[in-house]
Structure formats: C-alpha cells, structure tokens
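The next block holds one structure in the form of structure tokens; read it before the comments.
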Amino acid sequence: MKKPTIKLFNSLKRSLEEFIPLEENKVSIYTCGPTVYDSSHIGHARSFIVWDCWVRFFREINYEVKWARNITDIDDKIINRSIQMGIEPQKLARIETYKYWKDMHSLNVQWPDYEPKATENLPQMFAFIEGLMQKGFAYQAENGDIYFKVSVFKHYGQLKNIKNEAENISRLENLNSKENTCDFALWKAFNKNEYGFESPFGHGRPGWHLECSAMIKNIFGQTIDIHGGGEDLTFPHHENEIAQSEALHSCQFSRYWIHNGMVLVNGRKMSKSEGNFITIESALKNYSGNAIRFFVLSAHYRQSVNYTEEALQAAQNGINKLFQIFAHDEKIEIDKNNLNPTFMDNFYQYLAEDLNTACALSVTFEIAKLINKSEGNIIELKNTLAHILSVLGFNLTEKLINSCDENTQNSIVKLLLDIRNNAREVKNFQLADQIRLHFEKAGYKLKDSAEGTDLICLSKV
RNA sequence: GGCGAUGUAGCCAAGUGGUAAGGCAGAGGUCUGCAAAACCUCUAUGCGCCGGUUCGAAUCCGGCCGUCGCCUCCA
C-alpha cells in the first residue's frame with residue numbers, strides 16, 4: 001500500500017500542512033492528559049478519542065508511533081478537593097486515575113506508549129528549572145517562587161499570535177512577586193506544613209506548564225513531531241511549554257501543533273467550572289462507548305460541537321445500524337489481505353486530509369448499504385467495514401443482539417418461572433419439566449413450595 | 001480591547017471555483033402472523049445578509065449581522 005500524504009492543520013502556522021516527520025516513518029506524539037481530581041466529561045472524551053484516532057491512523061498506514069499522554073497528579077484542584085474529602089492528595093489522584101482509565105477502556109481508547117505522571121518526574125523538572133536559571137530565562141522571587149522571564153524569550157507568542165507588546169497584557173492584575181504579569185510560575189514555594197515536595201529551591205510545588213515540557217524532554221528529547229491538546233490549552237499552557245523548552249534547548253520544541261475543538265452545551269463550553277458537564281460515566285448509562293465515539297467522530301475534530309441528547313441518540317442509532325451487519329457473527333476477524341481497495345483508498349484519503357472522520361464515516365454507510373443489498377463480494381465488504389471501524393477505534397466486540405444486561409436477565413428468569421408455574425396449573429407438565437431441565441443444565445435447581453419457586457445455584461450450595 | 005474560529009435542510013454534519021456527501025428524525029411503499037431489521041422513493045433551485053470578481057461561487061474578495069473559544073484553572 002502506498003502511504004497517503006497526510007495533511008494536518010498546524011496551529012503554529014494556522015494552515016494546513018503536509019506532515020513530514022523528523023525521522024522517516026516515525027511519529028513522536030504527545031497529547032495533554034487529564035488533571036485527576038474529578039470525573040472526566042464528554043469534552044475530555046472528545047479530546048482523548050480524537051488523539052486515539054490520529055494514533056490509530058498513523059499506525060494503520062505503517063508509521064512507527066510513540067505516543068505519550070500524561071497524567072497531572074499535582075495540582076491545586078487536587079489538593080483542594082482532597083482537603084474537602086479528608087484524604088491525601090495522592091490518594092485522590094489515584095482514585096481518579098483509576099476512574100479515568102476505566103472511562104478510557106469504555107471508550108476503547110488505546111493505552112498510550114508512555115503515561116508519565118507529574119509526581120514521577122520531579123527530578124527532571126528540577127533539572128529543567130536549573131537549566132533555565134543558568135541560561136537566564138528564570139528567576140527566583142523573594143517569596144521563593146521561580147518564574148519564567150517572558151521578556152527574555154524573544155519568540156514568545158507564537159501560538160497566541162501576539163504582534164506587539166501592548167496586546168500581551170494579561171487580565172491578571174495581581175503581580176504577586178512577579179517582575180512582569182506575563183511571567184509564569186515554574187515553581188511555587190509553600191510552607192513546610194503545606195502539601196509539597198522538597199527541591200533544590202526549597203519546599204513547594206511545580207508549575208503546571210513545566211510538567212509537560214520536562215516529561216517530553218525525558219521521553220522524546222528536545223524535539224517532537226506532534227503536540228496535541230484541547231484548543232483551550234493553546235494559551236497560556238502550550239505557549240508556555242514552547243517558551244520553556246525552546247529557551248532551554250535553543251531548537252524547535254514541536255514541529256506540529258494540533259488542537260481539538262470544544263464540546264458545547266447550549267452554546268457554552270462544557271466545563272467543570274461552568275457546571276454544565278456530562279460525565280463519561282453517566283453518558284455510558286444511556287449510550288454505548290461506540291455511540292459516544294460515533295458522536296465525536298461525526299464532526300471534524302477542530303470544530304466545536306454541541307452536546308445534546310438528540311445528537312447522542314442519533315449517534316447510537318447510526319452505530320447500531322452499522323453493527324447490525326455483524327449481529328449474527330460469532331466474532332469479527334479481520335483479514336487485511338481481503339480489503340476492498342476502492343473503499344480503503346477513499347477512507348485513507350479522507351483521514352489523510354486532516355483526519356476528516358465525518359467523511360470517513362460516510363464510507364462505512366456506503367459499504368453497509370451494499371452489504372444489506374447483498375451486492376458485491378460480501379465477505380470482502382464485511383471485512384473492509386470491520387477494518388475501517390477498527391481503525392476509527394470502534395469496539396467490535398460490543399454485541400447488539402443475543403446479549404442483555406443483568407436486570408433484563410433476571411426479569412427473563414422470572415418470566416420463565418411464571419410460564420412454568422402457569423404450565424403446572426394447567427397440568428402441562430411436559431413444558432414445566434422442560435423448563436426445569438433447562439435450569440438444571442445451567443446449574444440451577446428449582447424448588448417449588450407454597451411460597452413460590454426458589455432458584456438454587458448448585459455451585460454455591 | 002486583542003487573538004482565533006464559525007454561520008449549509010427539523011436536527012447533526014461534509015464540501016476551498018464546476019453546479020449541494022453522509023447520518024438522525026419524518027412521510028409513503030416493499031417485506032412481515034404482528035413487529036424489528038433491511039430495501040426503494042420523497043425531504044435545501046439553495047449554503048447568515050448585501051455587494052463584487054468570474055463563463056461559472058457554499059467555496060475567492062469587500063462590507064454588515066449573529067454565535068462561540070482563548071486572553072484566569074480548563075480537553
């Protein structure tokens with residue numbers, strides 16, 4: 001297969017560019033992960049699904065991908081929440097990390113190759129700060145805080161597109177101990193009795209922006225191919241990452257920057273602080289992980305999308321229609337040597353054009369229609385459809401039919417017992433015994449009494 | 001105020017010069033014991049508004065209006 005030319009919208013240049021990796025056939029990609037202090041919501045889900053899809057696509061067209069996605073486990077929010085809950089910050093971080101992993105699993109988001117945590121990279125951060133101080137890009141204020149000196153870094157404002165100093169006025173009026181409002185904290189000093197870590201600069205906590213720069217340096221070195229994140233992170237987070245890393249290394253930090261659009265609720269950004277969020281966990285009560293993924297992928301990743309129940313239901317109906325095709329298959333096995341070249345080519349072209357997943361999804365419906373009409377090579381078409389769905393990251397093991405949840409199973413058992421008791425009443429013992437035998441084969445003994453019929457699990461007696 | 005997006009049918013959403021993908025919802029039909037699923041047909045002479053460039057514009061240019069994001073923690 002010929003590798004398609006990938007174009008992606010580089011936020012750094014604000015234009016669509018051909019992707020040319022540093023090393024041929026290799027991609028190093030870092031995406032911003034969560035701050036683990038509370039449940040992830042659909043906005044987070046979108047971001048994680050989009051990066052998962054980028055990575056899956058790169059792998060599909062035979063790039064050797066190294067993907068890192070961090071976990072921010074030091075943060076004021078974690079500390080504040082943990083105080084409220086009366087537990088250690090690191091314990092809260094672990095609890096929330098497990099929940100996050102569970103959400104990622106439900107959404108079929110792949111494990112990244114590296115998942116660095118801030119708390120596990122403190123020495124790297126110390127070294128980073130020391131390097132910046134030695135080069136004159138950082139200073140320690142009287143209160144012990146260490147700040148990055150923005151005025152010394154001449155290339156500040158690449159992502160934000162700042163043209164002159166006057167535009168670069170922060171809304172923050174509080175200088176604290178900073179020399180300039182634009183300067184940002186690399187290290188925040190705290191009293192010994194407050195939560196923090198020992199460092200060469202005293203007791204305190206690292207700044208958020210520093211974390212990503214230090215971990216990227218640790219995993220990938222000075223330059224990576226792609227850095228991704230939500231578009232709300234472009235400023236100041238990503239701008240500051242660039243400043244730190246390029247100041248220290250005197251070379252380009254990330255060659256391409258990709259940013260995903262926001263999920264809106266009633267026209268407003270879904271966010272914790274607005275309180276208008278739907279957690280992944282709660283959405284999964286009504287819709288499948290595949291439906292959430294379908295919802296995300298049916299819009300271009302850079303657009304903002306509105307979360308509505310109607311949209312999620314539409315996504316659920318859409319994905320159900322596609323999976324209906326595999327409803328009677330025991331399991332889905334993909335033979336990569338039996339793919340429809342025309343559809344695959346179209347599919348690749350769409351994804352290669354800045355990951356146009358909406359168009360890529362339209363290919364699946366074209367194939368589905370042919371299969372449902374029994375036109376063409378059905379085995380090849382089904383195989384192609386399954387493969388495309390897997391590249392988009394859908395979970396092919398989610399069964400549509402012949403499976404039901406525990407509540408439904410229990411109610412069906414009750415229904416069977418009712419039918420059997422009705423049969424006994426009308427002396428249809430053949431049917432009653434047939435049902436009894438069926439339960440016994442499944443490992444349950446039926447015991448009739450005046451109070452009704454009890455179900456005894458033989459393996460638990 | 002600065003920076004950046006965006007406005008396409010009831011809803012979601014593709015489409016950067018050649019005559020409006022796809023999905024959801026809806027209507028009618030085929031099939032069916034009844035359903036479900038599937039299939040067929042229908043659903044924007046028009047892409048926020050007004051001008052301009054062009055043989056030709058949703059697409060390019062200018063103006064206007066609306067919406068959103070960032071500039072403060074945020075995916």
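Naming convention: chains lettered A, B, ... in sequence-line order (proteins, then strands); numbering from 1 in each chain.
Using P as the reference atom, B:rC49 and B:rG7 are 13 Å apart when rounded to the nearest Å. Nucleotides B:rA20 and B:rG29, compared at atom C1', are 27 Å apart to the nearest Å. Nucleotides B:rC68 and B:rU54 have their C1' atoms positioned 33 Å apart, rounded to a whole Å.
Within the 4.0 angstrom heavy-atom criterion, base atoms lie near A:G261. At a threshold of 4.0 angstrom between heavy atoms, the contacts of A:A299 are confined to the sugar-phosphate backbone, with no base atom among them. Among the protein residues, A:G229 comes within range of the sugar-phosphate backbone only, with heavy atoms under 4.0 Å from sugar or phosphate atoms but none that close to a base. Using a 4.0 Å heavy-atom cutoff across all strands shown, A:L361 reaches no nucleic acid atom at all. Among the atoms of the strands shown, only primed sugar atoms or phosphate atoms (P, OP1, OP2) are found under 4.0 Å from some heavy atom of A:S298. At a threshold of 4.0 angstrom between heavy atoms, the contacts of A:V263 include nucleobase atoms, whether or not backbone atoms are also involved.
In this structure, A:Q303 atom CD and B:rG15 atom C1' are separated by 12 Å, rounded to whole Å. Note: CG (A:N266) to C1' (B:rC12) measures 15 Å, nearest angstrom. Here the C1' atom of nucleotide B:rG69 and the CD atom of A:E274 are 12 Å apart, to the nearest Å. At whole-Å resolution of the value, NZ in A:K272 and P in B:rA75 are 7 Å apart. Whole-Å rounding puts the A:L159 CG to B:rA5 P distance at 13 Å. Taking atom OH of residue A:Y287 and atom P of nucleotide B:rG23, one finds them 21 Å apart after rounding to whole Å. When the P atom of B:rC3 is taken as reference, atom CD of A:E231 falls 17 Å away, rounded to whole Å. Atom CG of A:N320 is separated from atom P of B:rA25 by 10 Å (rounded to the nearest Å).
Close to B:rC40, at under 4.0 Å from its OP1 or OP2, lies a side-chain N or O of A:K369. Checking the phosphate oxygens (OP1, OP2) of B:rC70, a side-chain nitrogen or oxygen of A:K269 falls inside 4.0 Å. Side-chain nitrogen and oxygen atoms of A:R268 include at least one within less than 4.0 Å of the OP1 or OP2 phosphate oxygen of B:rG69.
A donor-acceptor contact under 3.5 Å links the side chain of A:K77 to the base of B:rC73.
The aromatic rings of A:H237 and A:H209 sit tilted relative to each other, their planes meeting at an angle between 30° and 60°. Aromatic ring pairs are classed by plane angle as parallel below 30°, tilted from 30° to 60° and perpendicular above 60°; the pair A:F153 and A:F148 is perpendicular. Ring-plane geometry between A:F294 and A:F394 is classed as tilted, the angle between the planes lying from 30 to 60 degrees on a 0 to 90 degree scale.
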Can you run through RNA chain B from 5' to 3' and write each base as (, ), [, ], | or . depending on how it pairs? Watson-Crick or G-U wobble, both distances under 3.5 Å.
-> ((((((((.[[[..)..(...]]].(((((.......))))).....[[[[[..)....]]]]])))))))....
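Residue pairs that meet the salt bridge (charged side-chain N to carboxylate O under 4.0 Å, His left out) test with at least one member in residues 282-294 of chain A, sequence neighbours left out, are A:D52-A:R293. Sorted by first and then second residue, the side chain to side chain donor-acceptor pair (under 3.5 Å) pairs involving residues 356-365 of chain A (not counting sequence neighbours) form an empty list.
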CA sep, side-chain torsions, deciding dist, call: A:V391, A:R59, side chain to side chain contact (heavy atoms under 4.5 Å, CB included) = CA-CA 9 Å; A:V391 173; A:R59 293 209 167 113; over 6 Å; no
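Among residues two or more places apart in sequence or in another chain, the salt bridge (charged side-chain N to carboxylate O under 4.0 Å, His left out) test is passed with A:E96 by A:K99. Taking A:D354 as the reference, A:R302 meet the salt bridge (charged side-chain N to carboxylate O under 4.0 Å, His left out) condition, with sequence neighbours excluded. Checked against side chain to side chain contact (heavy atoms under 4.5 Å, CB included), A:S254 has the following partners two or more places apart in sequence or in another chain: A:I224, A:H227, A:W257.
Comparing A:N372 and A:F294, the nucleotide of RNA chain B nearest to each residue sits closer to the 5' end for A:F294. Toward the 5′ end of RNA chain B lies the nearest nucleotide of A:N356, the other residue of the pair A:N356 and A:F365 mapping further downstream.
Listed candidates were B:rA14, B:rG22, B:rA75. Nearest to the side chain of A:A358 is B:rA14.
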